[in-house]
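Written below as structure tokens is the structure these notes are about.
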Amino acid sequence: KEEISKGTISNEEFPKVNVHLIPADLIRLKEIQKKENILGVIKFSDLNEHEDLKILGEDLPTMNIKMKPFMENAFYEIWTSDQPINYGNNEILKFACDGYHHFLTVNIKEQNRDLREIGRLAYDSIFEILKRNNYSNISRVWNHIPNINEFSDAKERYTKFCHGRAESFEVNGNIYPAATGIGCRGDSLCIYMLSTVQNIQKYIENPNQTPAYKYPPKYGIKSPSFARATYTNYNSLISRLYISGTASILGSDTVHVGNVGKQCETTLENIRVLISSSNLSNYGIKENFTLDNIDCIKVYIKNNEDFEVIKDICSNAFSKNRSIAYLKADVCRNDLLVEIEGIVQ
Ligand code: 3EB
């Protein structure tokens with residue numbers, strides 16, 4: 001377990017990480033494990049039994065995110081690699097690396113501790129491992145926060161998490177990757193992320209949205225530490241764009257409070273603008289993406305009664321060939337009814 005593969009690059013080899021979002025009923029993880037090198041498996045369900053994940057063994061980074069899918073029992077997000085993989089872990093995290101990519105899961109039970117402290121602790125441990133393993137260029141992070149909109153000490157819990165996370169980023173380079181910060185059920189802070197050995201990412205902002213790290217203090221003492229997207233450039237042929245959790249925010253304000261249809265449309269428009277050639281060209285990226293190109297889509301829905309409206313809009317907006325998971329979750333601002341993310345690959 002101590003023997004992890006230090007990040008190295010040789011040009012002959014072709015680095016490739018694959019990600020699939022699949023309804024759990026459609027596949028057997030054991031079959032995939034026979035054929036592919038698995039970096040990690042994230043399950044999205046509100047089930048209590050996870051024998052399916054245990055079958056993969058102790059070493060593999062796996063995690064159930066307690067979140068109910070609207071249409072399925074559970075989803076798997078499966079990360080695989082063309083390269084052989086080494087695994088490692090400590091008390092709170094597990095990681096897998098293939099010489100190019102580093103996949104990491106963190107699960108911390110709150111146990112009455114302050115969320116600011118847990119957020120800082122989580123990210124301090126993450127950065128320590130990333131630096132030690134030499135995979136410190138973060139592509140994408142997902143943060144799942146129980147009771148995200150509840151208040152404690154007169155502060156919304158999401159802002160406490162942001163505070164602790166920001167404190168850790170401050171001492172670890174202040175570089176913000178694409179991220180999701182979303183509610184979940186259960187009593188553990190669950191984080192997973194992908195990073196790379198080489199610095200092949202560009203962090204992308206949206207001209208119609210204030211960069212989150214510049215949000216005014218009314219949204220929290222410390223701003224959220226994330227970019228709107230990460231562009232990962234492998235070579236002239238292969239790139240990937242990770243789109244952060246995106247919501248109905250223009251500038252730094254929530255728009256269309258109480259109108260779920262308009263929030264959903266605004267969210268999609270935010271994504272269109274973000275991934276368009278006119279935005280990407282500001283970063284020297286000569287690509288043009290549309291909603292049709294997005295895969296591994298997650299649509300987080302706050303209220304059950306909004307599902308049909310959101311599903312109608314999203315199933316028309318995205319390509320029928322791509323995978324979409326509709327998941328029930330609270331969004332980081334109480335007035336946000338929907339949040340959408342995805343991956344262009
Ligand atoms: C927003 O724009 C929506 O805290 O990591 C989206 C993506 C959101 C990531 C995070 C929060 C985060 O502020 C919320």
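The pair Arg165-Glu170 fails the salt-bridge criterion, with no side-chain N (NZ, NE, NH1 or NH2) lying under 4.0 Å from an Asp/Glu carboxylate O. Salt bridge annotation for Asp52-Lys30: absent, with no cationic side-chain nitrogen under 4.0 angstrom from a carboxylate oxygen. Glu341 and Lys298 are joined by a salt bridge, as a carboxylate oxygen and a charged side-chain nitrogen come within less than 4.0 angstrom of each other. A salt bridge is defined here as a Lys NZ or Arg NE, NH1 or NH2 lying under 4.0 Å from an Asp or Glu carboxylate O, and Arg132 with Glu128 meets this definition. Taking a cutoff of 4.0 Å between a charged side-chain nitrogen and a carboxylate oxygen, Glu110 and Arg113 do not qualify as a salt bridge.
Transitive grouping of hydrophobic side chains (ILVMFWY, heavy atoms separated by less than 4.5 Å) keeps Val344 and Val17 in distinct clusters. Phe151 and Leu115 are assigned to two separate hydrophobic clusters, defined by single-linkage of ILVMFWY side chains at heavy-atom distances under 4.5 Å. Connection of Phe95 to Val141 is established within a shared hydrophobic cluster, with ILVMFWY side chains joined at heavy-atom distances below 4.5 Å, either directly or through further cluster members. Taking hydrophobic clusters as Ile, Leu, Val, Met, Phe, Trp and Tyr residues chained together by side-chain heavy-atom distances below 4.5 Å, Ile271 does not share a cluster with Ile182. Cluster annotation: Ile22 is connected to Met67 through the hydrophobic network of ILVMFWY side chains, with a link wherever side-chain heavy atoms come within less than 4.5 Å.
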Would you please test Thr246 and Ile243 for side-chain contact (heavy atoms from CB on, under 4.5 Å) and show each step?
-> CA-CA 8 Å; Thr246 306; Ile243 301 164; 3.8 Å; yes

After noting the C-alpha distance and the side-chain angles of Leu189 and Val106, does the key distance pass the side-chain contact (heavy atoms from CB on, under 4.5 Å) rule?
-> CA-CA 8 Å; Leu189 174 66; Val106 183; over 6 Å; no

Could you check Thr180 against Arg140 for side chain to side chain donor-acceptor pair (under 3.5 Å), going step by step and ending with a plain yes or no?
-> CA-CA 9 Å; Thr180 293; Arg140 180 64 164 95; 2.9 Å; yes

Applying side chain to side chain donor-acceptor pair (under 3.5 Å), run through Lys68 and Asn73 and close with a yes or a no.
-> CA-CA 8 Å; Lys68 188 173 169 43; Asn73 289 319; over 6 Å; no

Under the salt bridge (charged side-chain N to carboxylate O under 4.0 Å, His left out) criterion, do Glu156 and Arg333 qualify, and how do the steps go?
-> CA-CA 9 Å; Glu156 197 166 9; Arg333 292 182 189 177; over 6 Å; no

Would Asn143 and Phe161 satisfy side-chain contact (heavy atoms from CB on, under 4.5 Å), going step by step from the backbone distance to the final call?
-> CA-CA 10 Å; Asn143 304 284; Phe161 167 75; 3.4 Å; yes

Full working for side-chain contact (heavy atoms from CB on, under 4.5 Å) between Ile38 and Ile85 = CA-CA 8 Å; Ile38 303 183; Ile85 298 174; 5.5 Å; no

Report the C-alpha separation of Arg120 and Glu167 in whole Å, then their side-chain angles, then the decisive distance to 0.1 Å, and conclude whether the salt bridge (charged side-chain N to carboxylate O under 4.0 Å, His left out) test is met.
-> CA-CA 6 Å; Arg120 189 178 53 226; Glu167 287 172 324; 2.8 Å; yes

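No donor-acceptor contact under 3.5 angstrom links the side chains of Thr80 and Asn37, judged on distance only. Between the side chains of Lys131 and Asn172, at least one donor N or O sits under 3.5 Å from an acceptor N or O.
For the atom pair OG of Ser152 and CZ of Arg116, the computed distance is 12.0 Å after rounding to the nearest 0.5 Å. How far OG1 of Thr230 is from CZ of Arg240: 12.5 Å, rounded to the nearest 0.5 Å. Rounding to the nearest 0.5 Å places CD of Glu265 at 8.5 Å from SG of Cys314. The structure places CD1 of Ile175 at 9.5 Å from CD of Gln201, a figure rounded to the nearest 0.5 Å. Atom CG of Asp335 is separated from atom NZ of Lys302 by 8.5 Å, given to the nearest 0.5 angstrom. Distance CD/Gln209 to CG/Leu274: 7.5 Å, rounded to 0.5 Å.
Side-chain contact between Phe289 and Leu280 is present, with heavy atoms from C-beta onward closer than 4.5 Å. Glu287 places none of its side-chain heavy atoms less than 4.5 Å from the side chain of Ile275. Contact of the Gln345 side chain with the Leu241 side chain is not registered, since no non-hydrogen atoms from C-beta on lie closer than 4.5 Å.
The two atoms that bring Leu337 and Gly258 nearest to each other are CD1-C, 4.1 Å, heavy atoms only. Between Ala166 and Ser225, the shortest heavy-atom contact is CA-OG, 3.6 Å. Listed here is the closest heavy atom pair of Ala317 and Leu291: O-CB, 3.6 Å.
The environment of Arg272 atom CZ is dense: over 12 non-hydrogen atoms of other residues, nucleotides or ligands sit within 6.0 angstrom. Open room surrounds NZ on Lys214; 12 or fewer heavy atoms of other groups in view lie less than 6.0 Å from it. Summarising the local packing, CD of Glu305 is surrounded by more than 12 heavy atoms from other residues, nucleotides or ligands at distances under 6.0 Å.
When Tyr203, Phe169, Tyr123 are each tested for a ring pair (Phe, Tyr, Trp, His ring centres under 6.0 Å) with Tyr176, only one passes: Phe169. When each of Leu39, Asp98, Val19 is tested with Phe103 by the rule side-chain contact (heavy atoms from CB on, under 4.5 Å), just one qualifies, namely Leu39.
Looking at residues two or more places apart in sequence or on another chain, you find a side chain to side chain contact (heavy atoms under 4.5 Å, CB included) between Asn321 and Ser319.
Between His144 and Tyr192, a ring centre-to-centre spacing shorter than 6.0 Å is recorded.
Within the structure, every pair that satisfies the ring-ring contact (aromatic ring centres under 6.0 Å, His included) test and touches residues 214-248, not counting sequence neighbours, is listed here: His101-Tyr234, Tyr215-Tyr219.
Looking at Ser244, its side chain does come within 3.5 Å of a backbone N or O of Ala179 through a donor-acceptor pair.
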